[in-house]
**Q** 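First the structure, which I've put down as structure tokens, then a few questions once you've had a look.
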Protein chains: 2
Amino acid sequence: MPETNRGLSIGQVAELTGLSVHTLRFYEREGVLAAPVRRGPGGRRLYSKSDVEWIHLCVNLRATGMPLPAIRQYAEFIRQGTGDEEQLLALLRQHRDQVATQIEQLTESLGLITRKIGAYAEQLARGAGGPVRCTPPPAERR
Amino acid sequence: MPETNRGLSIGQVAELTGLSVHTLRFYEREGVLAAPVRRGPGGRRLYSKSDVEWIHLCVNLRATGMPLPAIRQYAEFIRQGTGDEEQLLALLRQHRDQVATQIEQLTESLGLITRKIGAYAEQLARGAGGPVRCTPPPAERR
DNA sequence: CTACGAGTTAGAGCCGACTCTAGATCAAGC
DNA sequence: GCTTGATCTAGAGTCGGCTCTAACTCGTAG
């Protein structure tokens with residue numbers, strides 16, 4: 001167990017974050033990590049606590065549909081450290097708005113799906129093996 | 001304008017649904033359409049109103065992350081028409097649950113992003129060009 | 001000493017969902 | 001008749017995001 005000297009192995013980070021070791025290395029190559037990962041003896045990666053925090057954030061951003069190039073951009077702003085805080089904020093705000101929109105749309109679609117389920121369930125209830133439709137589903141034209 | 005005889009052209013359907021004509025043909029090949037599309041003279045597609053409704057539903061399902069194979073499965077249940085209504089309902093219910101979960105997770109991430117924005121904004125407000133951090137962002141450890 | 005498991009790199013491969021191309025056909029307007 | 005623009009088919013190409021392979025190096029356990 002390489003807890004040698006503060007710093008987690010790639011395998012441990014994979015466990016913690018739910019990403020594969022492949023993906024972790026891939027993200028690093030792609031420049032989505034905010035800071036370079038420290039290396040231990042033999043050139044092995046040693047992830048700091050803040051590395052792991054950042055990766056968790058990346059997982060969140062990915063889960064909300066932010067593409068890797070955007071995350072890389074974010075990471076670059078952090079790396080440069082100065083001058084572009086406004087741009088960074090703009091990037092995050094834009095993404096926040098997109099996520100909000102996404103939630104709205106999903107909620108709407110959820111309603112539609114739920115109604116569809118209701119329609120099918122009803123149809124199935126009265127007359128099992130009853131009136132079958134080969135054409136598209138019972139649209140709620142009523 | 002090929003409104004010859006009831007039935008929309010592929011171009012019109014593309015406009016209506018927001019899909020490209022390429023995608024419409026692709027979906028058809030992939031078997032995600034519930035019913036075969038009628039053809040006009042010269043072999044051109046003529047979409048019925050219910051075709052268009054179904055496609056709209058497909059757009060919704062895709063937008064909520066249902067993969068094409070699942071939609072094809074749905075379409076197959078519809079095409080067969082009988083016996084598998086329960087399976088169809090199961091498929092839809094499962095997807096509904098997934099969408100609900102998705103919304104929950106997005107909402108959670110939205111909160112996180114919003115907090116992050118707050119933190120950056122604050123940092124930026126007091127001391128513009130002030131304390132710059134190259135390490136990952138100010139975690140809300142408070 | 002050696003075997004093993006976990007790590008390293010560079011690069012290839014894969015998958016889902018489109019997206020586009022080529023070459024032919026068709027329908028309508030001049 | 002000729003041109004223009006939409007359509008047709010079959011099949012190839014693209015893109016994002018992983019995912020895997022090969023060949024090698026470590027470090028520790030037995």
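Fair warning: this is a prediction, and the values are worked out from it, not measured in the lab.
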**Q** Under a 3.5 Å threshold, yes or no: a donor from one side chain and an acceptor from the other, between A/Thr17 and A/His56?
**A**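 Short answer, no.
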**Q** What nucleotide, of D/dT7, C/dG7, D/dG17, holds the atom closest to the side chain of A/Ile10?
**A**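 My answer, after comparing the listed nucleotides, is C/dG7.
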**Q** Which nucleotide in the list D/dG17, C/dA17, C/dC18 gets nearest to the side chain of A/Pro69?
**A**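 Nearest listed nucleotide: D/dG17.
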**Q** Return no unless some side-chain N or O of B/Tyr27 is found under 4.0 Å from OP1 or OP2 of C/dC18.
**A**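 B/Tyr27 to C/dC18 OP1/OP2: side-chain N or O found under 4.0 Å.
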**Q** Atom OH of A/Tyr47 and atom C1' of C/dA6: how far apart are they, to the nearest Å?
**A**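 Between C1' of C/dA6 and OH of A/Tyr47: 13 Å.
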**Q** Just so I know, are the side chains of A/Val13 and A/Asp51 near enough to count as touching, which here means a heavy-atom distance under 4.5 Å?
**A**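 No, every pair of side-chain atoms sits at 4.5 Å or beyond.
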**Q** Should B/Arg38 and B/Glu28 count as an ion pair when the cut-off is N to O under 4.0 Å?
**A**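 B/Glu28 and B/Arg38: not salt-bridged.
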**Q** List the steps, then state whether ring pair (Phe, Tyr, Trp, His ring centres under 6.0 Å) holds for A/Tyr47 with A/Trp54.
**A** CA-CA 11 Å; A/Tyr47 291 83; A/Trp54 175 257; over 10 Å; no
**Q** Identify which nucleotide among D/dG17, D/dT19, D/dT9 has an atom closest to any side-chain atom of B/Arg39, counting heavy atoms from C-beta outward.
**A**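 That would be D/dT9.
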**Q** How long is the line joining CZ of A/Phe26 and P of D/dC20, in whole Å?
**A**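 Those two atoms, CZ and P, are 14 Å apart.
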**Q** Over how many whole Å does the gap from B/Arg38 atom CZ to D/dC8 atom P extend?
**A**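 Those two atoms, CZ and P, are 14 Å apart.
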**Q** Of the listed nucleotides (D/dG17, C/dT9, C/dC20), which one gets closest to any side-chain atom of A/Pro67?
**A**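 Comparing D/dG17, C/dT9, C/dC20 against the side chain of A/Pro67, the answer is D/dG17.
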**Q** Specify the separation, in whole Å, of atom CD of A/Glu28 and atom P of C/dA10.
**A**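 One finds 11 Å between P of C/dA10 and CD of A/Glu28, rounded.
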**Q** Could you check which of C/dA17, D/dC8, D/dC18 has an atom nearest any side-chain atom of B/Arg45?
**A**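 Nearest to the side chain of B/Arg45 among the choices is D/dC8.
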**Q** Atom CD of residue position B/Glu30 - does it have more than 12 heavy atoms of other residues, nucleotides or ligands inside 6.0 Å?
**A**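 For B/Glu30, atom CD is crowded (more than 12 foreign heavy atoms under 6.0 Å).
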**Q** Side chain of B/His22: nearest nucleotide among C/dC20, D/dC8, D/dT19?
**A**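 The listed nucleotide nearest to B/His22's side chain is C/dC20.
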**Q** Hey, what are the protein-to-nucleotides 11-15 of chain D N/O distances that come in under 3.5 Å?
**A**
unit_1	atom_1	unit_2	atom_2	d
D/dG11	N7	B/Arg29	NH1	3.3
D/dG11	O6	B/Arg29	NH2	3.2

**Q** Is the count of non-hydrogen atoms from other residues, nucleotides or ligands lying under 6.0 Å from B/Gln98 atom CD greater than 12?
**A**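 Yes, because the 6.0 Å sphere around CD of B/Gln98 holds more than 12 heavy atoms from other groups.
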**Q** Report the distance from atom CD of B/Glu30 to atom P of C/dC15, rounded to the nearest whole Å.
**A**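 These atoms are roughly 14 Å apart.
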**Q** Measure CD1/A/Ile55 against P/D/dC18 and give the value in whole Å, please.
**A**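 Distance check: A/Ile55 CD1 to D/dC18 P gives 13 Å.
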**Q** Only one of A/Arg62, A/Arg72, A/His22 passes side chain to side chain contact (heavy atoms under 4.5 Å, CB included) with A/Tyr27; say which it is.
**A**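 So, applying the side chain to side chain contact (heavy atoms under 4.5 Å, CB included) to A/Tyr27 and each of A/Arg62, A/Arg72, A/His22, only A/Arg62 qualifies.
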**Q** Take atom CG of B/Leu61 and atom P of C/dA17, then tell me their distance rounded to the nearest Å.
**A**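 It works out to 12 Å between those atoms.
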**Q** If you check the A/Ser9 side chain, which of C/dG7, D/dG17, C/dT19 turns out closest?
**A**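 The closest nucleotide is C/dG7.
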**Q** Looking at side-chain heavy atoms only, is the closest gap between A/Val32 and A/Phe26 below 4.5 Å?
**A**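 Result no, sub-4.5 Å side-chain heavy-atom pair not found.
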**Q** Using a 4.0 Å heavy-atom cut-off to protein, can you give one letter per nucleotide of nucleotides 25-30 of chain D, 5' to 3': B if the base is in contact, S if only the sugar-phosphate is, - if neither?
**A** BBS---
**Q** Expressed as a whole number of angstroms, how long is the span from A/Leu8:CG to C/dG7:C1'?
**A**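 That distance rounds to 15 Å.
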**Q** Roughly how far, to the nearest 0.5 Å, is the CD1 atom of A/Ile103 from the CG atom of A/Leu110?
**A**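 Atom-to-atom, A/Leu110:CG and A/Ile103:CD1 are 12.5 Å apart.
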**Q** In terms of side-chain geometry, is the basic nitrogen of A/Arg126 or A/Glu122 positioned less than 4.0 Å from the acidic oxygen of its partner?
**A**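 Salt bridge: yes.
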**Q** With the side chain of A/Arg62 defined as its heavy atoms from C-beta on, choose the nearest nucleotide among D/dG17, C/dC18, D/dC8.
**A**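 The answer is D/dG17.
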